[in-house]
Visitor: 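Please find one structure pasted underneath; my questions will follow.
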Amino acid sequence: MHDDLTLARRGLRPSATFDPATIADIQRAAATGIYDIRGGGAKRALPHFDDLLFLGASMSRYPLEGYRERCGTEVTLGARNATYPLELAIPVTIAGMSFGALSGRAKEALGRGASEAGTSTTTGDGGMTPEERGQSKHLVYQYLPSRYGMNPDDLRKADAIEIVLGQGAKPGGGGMLLGQKISERVAGMRTLPQGIDQRSASRHPDWTGPDDLTIKIAELREITGWEKPIYVKVGASRPYYDVKLAVHAGADVVVVDGMQGGTAATQDVFIENVGIPTLAAIPQAVQALQELGVHRKADGVQLIVSGGIRTGADVAKALALGADAVAIGTAALVALGDNDPRWDAEYQAIGSAAGYYDDYQDGRDPAGISTQDDELAARFDPVEGGRRLANYLRVLTMEAQTIARACGKAHVTHLEPEDLVALTVEAAAMARVPVAGTDWVPGRPGPSF
Amino acid sequence: MDALSATTVELDLAAVPLRTVNALLQGREVEGQETLPVDTPVTLTNPRGAHAVAVGMDTPRQVTVAGHVGYYAAGMNQRADVVIEGNAGVGVAENMMSGSVLVKGNASQSAGATAHGGLLVVEGDAAARCGISMKGVDIVVGGSIGHMSAFMAQAGRLVVRGDAGEALGDSIYEARIYVRGSVASLGADCVAKEMRPEHLEELATLLKAAGFEDDDPASYTRYGSARTLYHFHVDNAAAY
């Protein structure tokens, strides 16, 4: 490896356009003739929650006493039509991740951790496993374009149904789970031969647009006796229009997954170049709900936001911008032990490093989380993983409460855009909050106060 | 609810809400309504193109729909035998698990989509994407089918007594397709295959089950996967 300082002394400097990673990508493409497939989410720097700051209370606002005065975190999802809406203790849920992409033990741990923290977890492409259902107090069953493993028995076992139309990492794209992860059990659940690549369609096979979605939602309600909330999940690209159409179609909950959302295996070029940042998606989605009169109403439509949520500050900022809850995927995997430094030597042995591993498609995850290899999967303890996830969920929640109290809020969903300012013009424009120290919201005429 | 005979019950969709009808067919209790015995055949009158008729059943019940239905009729059926005395809209018998669905007329697109089991018979024609992403169902179409039928079909059998439209069996996995008439074009990785004795026997069984036992299985051509897309490879890049 070249030392940057040594290179600079020789008058060499990397091109901002053809940087070392780009050159390596070109060389890899030239050598193999195929595009790069990987897991994880977008790696490029994007306007994000870090570009927002909260305005804690001082004189003109009155804070709540930290750790003494109550700051609620409970959230109800899907009371609009469902007989049994979801009652969650915290506004942080676990996003859909498939058995197939993840090991059965990892799925079990997600259920354990979510249940311990009083929240929901979600299936994924490939169907519902008994251990996942067994360990999940609240389980959302994804109804995906591939319909792998879809059956009415599992629909009836679920606590909510999430119709997936898109994913933040790849709006408009299908999936590609490579054959090395199609074990006998995964193949059986998906009605595919063992060991062959599994291609997921980019759209549902039996409907062709928003009007059909209305009928599809009605069918799912009829099949499940109108008992369960129906979510509609979209990848963030045109959230204003997508959310409006989802609400018109009858969704009880809309899930908007931003560009930083993760995936099990997709083309790198897709992950990095399609969709819009989570930060930019929320205000558009909220505007759509507000215009339809269903935002933050008891019988309204709830908004779940996902895509790059990492800290309680991220949670609080998403809620302040108008989300009713957030969902975490990549962060949950890290909490379970994905990319843990104790496996660094093994990560390095397969060409990666702890903290950088994203080759989920290879099925060789040393942590035993994103694999179907029995020996690797056996390394992962679902009880310990569940405990770690529950801890993490509690921390996210406490952090969000701490910020909410500082802003004088008795419930985390009482946070509002007025509590936020932006550090950059881009973030201010996307989040529709003023640049810090000013009253300027880019694109909005006149003073904001 | 009216009794047609001692062994048949009639539910009038013009008078009884669809939600109530489906709940009764699914064996659930509905206030003010008598529970339907499983062994009592049911006739649904006045469907008038309604969507989601007779969906989510999970008993060996016999249901006759006296007329045309809209989208997703008999969706996710398990064990019930459904006869539709008319045409069916999009996605008839979608994701069916077992049992049977017989459409006396024609079916719109995506008939039998993603269905895992059971038998779907369309006596007339079926439109585009018939058997799309099928996962084990048997589908027999008396007439012709439209384009992109059996797209990404994973398992099961699709029998077509007439012609097939363009891109038949595109990206097909292990489903088998039998077509008696012409095929406008085959999709990616779908090829014609030899009709071996076991296929003639299988086809004869399917035709008999669907009520077309007079057909000669030898007059059909079998189509299936060439399996060239089963592993990601640079030579297949154009197909992805």
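Keep in mind that what you see is a predicted model, and the values were worked out from it rather than measured. Numbered from 1 within each chain, the chains take letters A, B, ... in sequence-line order.
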Visitor: Can you tell me how far apart CG (D197(A)) and CG (L229(B)) are? Round to the nearest 0.5 Å.
Guide: 9.0 Å
Visitor: With a 6.0 Å cut-off (strictly less than), is the heavy-atom count around CZ of R203(A), excluding the residue itself, greater than 12?
Guide: no
Visitor: Heavy atoms under 4.5 Å from chain A: which residues of residues 90-100 of chain B carry them?
Guide: V90(B), E94(B), N95(B), M97(B)
Visitor: Tell me, for R129(B) versus chain A, whether the close heavy atoms (under 4.5 Å) come from the side chain, the backbone, both or neither.
Guide: side chain
Visitor: Using only non-hydrogen atoms and a strict under-4.5 angstrom cutoff, which residues of residues 55-66 of chain B touch chain A?
Guide: V55(B), G56(B), D58(B)
Visitor: Can you confirm whether E184(A) is buried at CD, in the sense that more than 12 heavy atoms of other residues, nucleotides or ligands lie under 6.0 Å from that atom?
Guide: no
Visitor: Out of K135(B), H51(B), R19(B), return the one with the most heavy atom pairs under 4.5 angstrom to chain A.
Guide: R19(B)
Visitor: Once rounded to the nearest 0.5 Å, what's the spacing between atom CG of N22(B) and atom CD of E219(A)?
Guide: 9.5 Å
Visitor: Give the minimum heavy-atom separation between P193(A) and E174(B), together with the two atoms involved.
Guide: CG-CG, 3.5 Å
Visitor: May I ask you to decide if P205(A)'s main-chain N or O and S110(B)'s side chain share a donor-acceptor pair within less than 3.5 Å?
Guide: yes
Visitor: At their closest point, which heavy atom of L18(B) faces which heavy atom of E222(A), and how far apart are they?
Guide: O-OE1, 3.8 Å
Visitor: Considering only heavy atoms, give the residues of residues 67-77 of chain B separated from chain A by less than 4.5 Å, sorted numerically, with 'none' for an empty result.
Guide: Y71(B), Y72(B), G75(B), M76(B)
Visitor: Taking C-beta and beyond as the side chain, do T191(A) and Y173(B) meet within less than 4.5 Å on heavy atoms?
Guide: no
Visitor: Top residue by heavy-atom pair count (under 4.5 Å) with chain B, among L220(A), T224(A), L192(A)?
Guide: L192(A)
Visitor: May I ask you to list the residues in residues 146-161 of chain A that approach chain B closer than 4.5 angstrom, counting heavy atoms only, ordered by number?
Guide: S146(A), R147(A), Y148(A), G149(A), M150(A), N151(A), P152(A), D153(A), L155(A), R156(A)
